[in-house]
*Asks:* 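First, the structure itself, so that you have it in front of you.
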Amino acid sequence: MRIPLSFLQGLIKKDILPDQLIKILTTLGVEVEEIIKVGEEYIIGEVVEVEKKEQAAILSINTGKGLLRTVTGFMEIKSGQKVVVAPAGSYIFRKNGQIKSVEPVNMYGIVSECVVCSPGEAALNGNFSTLLFVSDGFEPGTPASKVIPHLSDIILDISITPDKGYLLGIDNIAREIAMFLNLRNSEVTIPQIQEYDFSSFSQENIRITIEHPDCISYTAFPVSISGWNIDLSRIHSLLIKYGMGIENPAVDIANYVMIRTGQPIHVFPIEVFKAKECYHILTGRIDGNTTITALDGKSYTITGDDILIMNEKRDVLCLAGIIGTKEYAVHSHHRYFLYEIASFSPVRIRKTARRLGLGTEASYRFERYSNLYAIQQATSMLAALYSAISGSKFFSPVTAGAAYQKKHITISLSKISKIINGNEDYRTKDYPRIINLTTGRIIKASGDTLTVELLPEKTFINNENDIAEEILRFIDMNSVEEAPPVPSCNNYQMSDTYAYHNIMKLKQILKGMGFIEFHGLSLIQQGNTTSLYVVNPQNREYPCLRSSLLFSGIPVVKSNISRGNTSFKIFEVGRIWQKTDGHIKDCLLYTSDAAD
């Protein structure tokens, strides 16, 4: 899961240094696997020579420090035009969302030494078919980030632990970070997704039948549009940087909302549900086994246990929570379609995905998180997006199954204080303020007893132990040293101390040798007799502080291998904790590993 720093800063409306952000994310239980700087090495180049081939053009480009040669498929390019050049060693984006390192390569009898960027390759929008030109007023060699806004960014590749499923939406991550910042500065705004008012909208004639017991809730949101003459640059930029890639506008909007809210969304052409008197949606199962051809072009055998989305004829339209069928996919020519925003049993989705050996963005989320409020958030965001599109029309959503209910719990501050401090004296503590900010709204207070209306994403909280974990987590986050403000993520610099100087020198040496930096969790699942156990762990699955960096890279190695990347070198600089002769020892070490 990749997060662009610029998008987080936009949601929080505050600049934050990557080092500070990584510390906060680690405290949240988020593992930062890789940090990728994109765009800052791009420069302005002037085309001085064009040699046309049958299907490509060989270019000589003045970069201000000499000539670079490259090959482009954009045949309309002319001498004298100024372009954005990604030199060797920098990164560009592909249409499928992959990040590619620019390396010299032999093409058409020359060594192509750079890439002439399209807007899509620079992740400015979804246009990969033309080049990114600049005006004549800029000299060759000028950093392109000084010319083109939002060109330079920092991408954090993160991993979410199973118990932190609510952080699968970027908006929820931004909320948690803003909560920490708000503890110090109450002027920091905590981002909210506004609930959309559908009271004045009519409903389409839709009937939803839930037959499968593992379908918890199903919302159908129909939308029609006269055409796609709209600017989706912001949506496409996030999709590309996140790693989703570009499909078609209806799907791109669904994926954008999923990235922001964490709620998977599927899109159907609405006519596939057409029945005699209505549009009829079934979430059910089949008798026996059958084979479907999915959107990835592969065939899968489904069984009677799997949750299926079907029409009245019981045609299989989608393997619920995992992947749609190729026959019933939405394409650019469709003008009336239906968004499915649903909740399914995480256990059922996990069993089906594992049996088929099929992992998707949707199944990744459904396996980890099922929150009915996320359905409400996603529907509201879809409505807000389409209300801004000329020629669009949507109806009030139709829902079957369970609906979100506010959750209230009653807690004792004395008990919380005893869990945290070993005594019941809570009066000198700031617990109510932290609870009000990070856990829920205090709606009633009587002595040391509070009634709290939980935040919708925090409905997993049940008692004082859970509240104490939340308080300790934010107290720990509050111990993160606040970095000085910077104008933007483009000007990121490490703190200029002697220790950081040496660390940065070490990092530069390793990166020069081809190693990629990752950040592992400081907590581990199992320890030994010398391990340090956390009294109130933020995550019960990880109760120990690590005493070695030796095994920190294993999850990163597994993640890369599962994605088909079997040749890489990684390193980590991080802390370990050891107990020697009854004393706690805190060390700063580094470890590295390679796979080939």
Side-chain angles (χ1 to χ4, degrees), residues 126 196-210 215 217-232 235-236 239 244 246-258 260-261 263-284 292-295 308-321 323-342 362 375-401:
Y196 202 87
D197 183 7
F198 292 101
S199 58
S200 61
F201 290 80
S202 61
Q203 280 196 340
E204 179 62 278
N205 191 7
I206 292 174
R207 181 157 59 99
I208 302 170
T209 302
I210 296 180
C215 177
S217 181
Y218 194 101
T219 294
F221 181 56
V223 176
S224 67
I225 190 163
S226 59
W228 289 113
N229 187 25
I230 55 174
D231 182 11
L232 295 177
I235 289 175
H236 285 160
L239 290 177
M244 288 290 293
I246 306 299
E247 298 291 337
N248 60 65
V251 175
D252 292 342
I253 289 172
N255 287 337
Y256 173 80
V257 173
M258 178 188 72
R260 290 195 56 183
T261 64
Q263 170 64 45
I265 301 172
H266 194 77
V267 198
F268 300 96
I270 197 168
E271 62 263 23
V272 302
F273 295 108
K274 186 67 177 174
K276 282 187 178 181
E277 298 177 352
C278 64
Y279 296 103
H280 191 187
I281 305 165
L282 287 89
T283 66
I292 62 168
T293 301
L295 288 170
L308 305 175
I309 309 302
M310 300 180 286
N311 56 20
E312 196 167 73
K313 298 177 183 177
R314 304 193 79 83
D315 299 319
V316 178
L317 312 180
C318 179
L319 183 57
I323 196 168
T325 56
K326 192 172 184 179
E327 183 179 357
Y328 300 103
V330 164
H331 299 287
S332 297
H333 67 271
H334 287 118
R335 293 292 178 266
Y336 194 19
F337 33 84
L338 182 140
Y339 285 99
E340 166 198 287
I341 312 121
I375 295 176
Q376 197 171 302
Q377 285 183 308
T379 308
S380 291
M381 188 174 287
L382 279 171
L385 288 170
Y386 275 105
S387 65
I389 297 176
S390 176
S392 69
K393 177 184 178 182
F394 55 86
F395 297 84
S396 180
V398 179
T399 299

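Count residues from 1 along the sequence.
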*Asks:* Indicate the ring-plane relationship of F273 and F268, choosing parallel, tilted or perpendicular according to the 30° and 60° boundaries.
*Replies:* perpendicular

*Asks:* Report yes or no: does Y336 contribute a side-chain atom to a donor-acceptor pair with the main-chain N or O of P222 at less than 3.5 Å?
*Replies:* no

*Asks:* How long is the straight-line distance from OG1 of T261 back to CD of Q376, given to the nearest 0.5 Å?
*Replies:* 12.0 Å

*Asks:* With rounding to the nearest 0.5 Å, note down the distance linking CD1 in I210 to OG1 in T283.
*Replies:* 5.0 Å

*Asks:* Is there a donor-acceptor pair under 3.5 Å between the side chain of N205 and the backbone N or O of E277?
*Replies:* yes

*Asks:* So, do S217 and T399 sit near enough that their side-chain heavy atoms are less than 4.5 Å apart?
*Replies:* yes

*Asks:* Which heavy-atom pair separates V398 from I208 by the least distance, and what is that distance?
*Replies:* O-CD1, 3.5 Å

*Asks:* Give me the atom names and distance for the closest heavy-atom approach of P269 to A329.
*Replies:* CG-O, 3.6 Å

*Asks:* H331 and N248: which non-hydrogen atoms are nearest, and at how many Å?
*Replies:* CA-ND2, 3.9 Å

*Asks:* Quick check: closest heavy atoms across H334 and W228, and the distance to 0.1 Å?
*Replies:* O-NE1, 4.1 Å

*Asks:* On the 0 to 90° scale, with breaks at 30° and 60°, tag the F394-Y196 ring pair as parallel, tilted or perpendicular.
*Replies:* perpendicular

*Asks:* Are L295 and H266 close enough that some pair of their side-chain heavy atoms sits under 4.5 Å apart?
*Replies:* yes

*Asks:* Any heavy-atom pair between the side chains of F337 and I270 that's under 4.5 Å?
*Replies:* no

*Asks:* Answer yes or no: is there a side-chain heavy-atom contact under 4.5 Å between Y328 and D315?
*Replies:* yes

*Asks:* Treating T325 as the side-chain partner and L317 as the backbone partner, does any N or O pair qualify as donor plus acceptor under 3.5 Å?
*Replies:* yes

*Asks:* How about E340 and Y218: does a side-chain donor come under 3.5 Å of a side-chain acceptor?
*Replies:* yes

*Asks:* Is the number of heavy atoms from other residues, nucleotides or ligands within 6.0 Å of NZ (K274) greater than 12?
*Replies:* yes

*Asks:* What's the shortest heavy-atom distance between Q203 and P397, and which atoms?
*Replies:* NE2-O, 3.1 Å

*Asks:* Evaluate the salt bridge (Lys or Arg N to Asp or Glu O under 4.0 Å) criterion for residues K276 and E312: first the C-alpha distance (whole Å), next the side-chain angles of each, then the deciding distance (0.1 Å), finally the verdict.
*Replies:* CA-CA 9 Å; K276 282 187 178 181; E312 196 167 73; over 6 Å; no

*Asks:* Taking atom CE of M258 and atom CG of L382, what is their separation to the nearest 0.5 Å?
*Replies:* 12.0 Å

*Asks:* Roughly how far, to the nearest 0.5 Å, is CE of M310 from OG1 of T209?
*Replies:* 10.0 Å

*Asks:* Kindly indicate whether the side chain of T293, heavy atoms from C-beta on, has any atom under 4.5 Å from the side chain of E327.
*Replies:* no

*Asks:* Looking at every non-hydrogen atom in both residues, tell me the closest pair between L338 and A220 and how far apart they are.
*Replies:* CD1-CB, 3.8 Å

*Asks:* Measuring from E271:CD to N311:CG, what's the distance to the nearest 0.5 Å?
*Replies:* 11.5 Å

